[in-house]
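Reviewing the structure listed below.
The basis for the numbers below is simple: all heavy atoms, side chains too, and nothing from hydrogens, waters or symmetry mates. Counting starts at 1 for both ligands and their atoms, in listed order.
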Amino acid sequence: MFGMVGRGRARPALRVAAAAMLAALAGCAGRSPPAPVPASPASPPPGMQYLYGSAEAAALDVQAFGMLTAFVERQAERRASVVLAADASPDGTAFTACGDRPPAVVFDMDETLVLNLGYEMLEGRSGKGFDADRWSRWEQADGAALAPLPGAVEAVAALRRRGVTPIVNTNRAAASAAAAEVALARVGLGAFRHGETLFLAGDVDGQRGKDGRRQEIARRFCVIAMVGDQLGDFSDGFRGDPAARRALATAPAIARLWGQGWFVLPNPVYGSGLAGDWDAVFPADKRWTDPVEGQGK
Ligand SMILES: [Mg+2]
């Protein structure tokens, strides 16, 4: 449903809005606006400024990875799975069994372990939208224009020292498995092996949804934590409009997992969190009218 290509993208309208604003400003100046949309915005869209450039996002990342490390220190002996059972819905509480399987933590890759700086700057400056073919070429690149998320390298190393296996479950294409292994190692995250500790789109069940791969990983490991920037990194069950997804994510059965087995990272640039019109985002009973300016438009 959301995002059938690349990283599960639902594109924001940021560049469209910026172009419209520029055109309006040009109109205010009393001149005819230039026909072509500016090819290279003067600065990155706000979401990119935040995710790739801000201290605030870096602090959130370090915070999440630090909480993960502390959680694993507490949980490695207790060994409780945080993968929802195959027949469980996101508002349920049933988890896969651990048995005597070795402990593991499952990570998404993009904007969870690595920041796609090279790709995103190219896309942001070009003014073009997401393109699946361009993204495929990026997946095959050498990883020199990637950076690890702040805190990720230290957290993954701490897991390994603790005897906990880090595993990547990504929607990069299976054809990019070798390049993904190289890229993860290059940014300092160590060795991942396709089919063992690295699972890609279509692996296991041929699906883009990650539940099938999660179930397979849980058959091999005791998954004590999961980390991602999209709710699909935790369960494929977070469907519906923004209000429905928020209700699911904050229902008691799921709310107790955030920071306690499920660790979520910010992504204001792309993905399932970027959806909803005015009515979907702002509840009808929470409107305000400025006594001076009125309702606005
Ligand atoms: Mg991601």
(message) Looking only at N, O or S atoms in Asp110, which is nearest to the Mg ion (ligand 1)?
(response) O
(message) Could you identify the N, O or S atom of Asp229 positioned closest to the Mg ion (ligand 1)?
(response)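 The atom in question is OD1.
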(message) Strictly distance-based, threshold 3.5 Å: is any side-chain N or O of Arg287 a donor or acceptor partner for the main-chain N or O of Phe282?
(response)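 Yes, because the side chain of Arg287 sits within donor-acceptor range (under 3.5 Å) of the backbone of Phe282.
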(request) May I ask you to check if any N/O/S atom from Glu111 comes under 2.8 Å of the Mg ion (ligand 1)? (result) no
(request) Answer yes or no as to whether an N/O/S atom of Asp108 is found below 2.8 Å from the Mg ion (ligand 1). (result)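 Checking Asp108: at least one N, O or S atom is under 2.8 Å.
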(request) Could you tell me whether Arg172 and Asp203 have a side-chain N and a carboxylate O separated by less than 4.0 Å? (result) no
(message) I want to check a possible cation-pi pair here: Arg160 against Phe192, using under 6.0 Å from ring centre and within 45° of the ring axis as the test.
(response)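 Yes.
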(message) Centroid separation under 6.0 Å, is that true for the rings of Trp258 and Phe234?
(response) yes
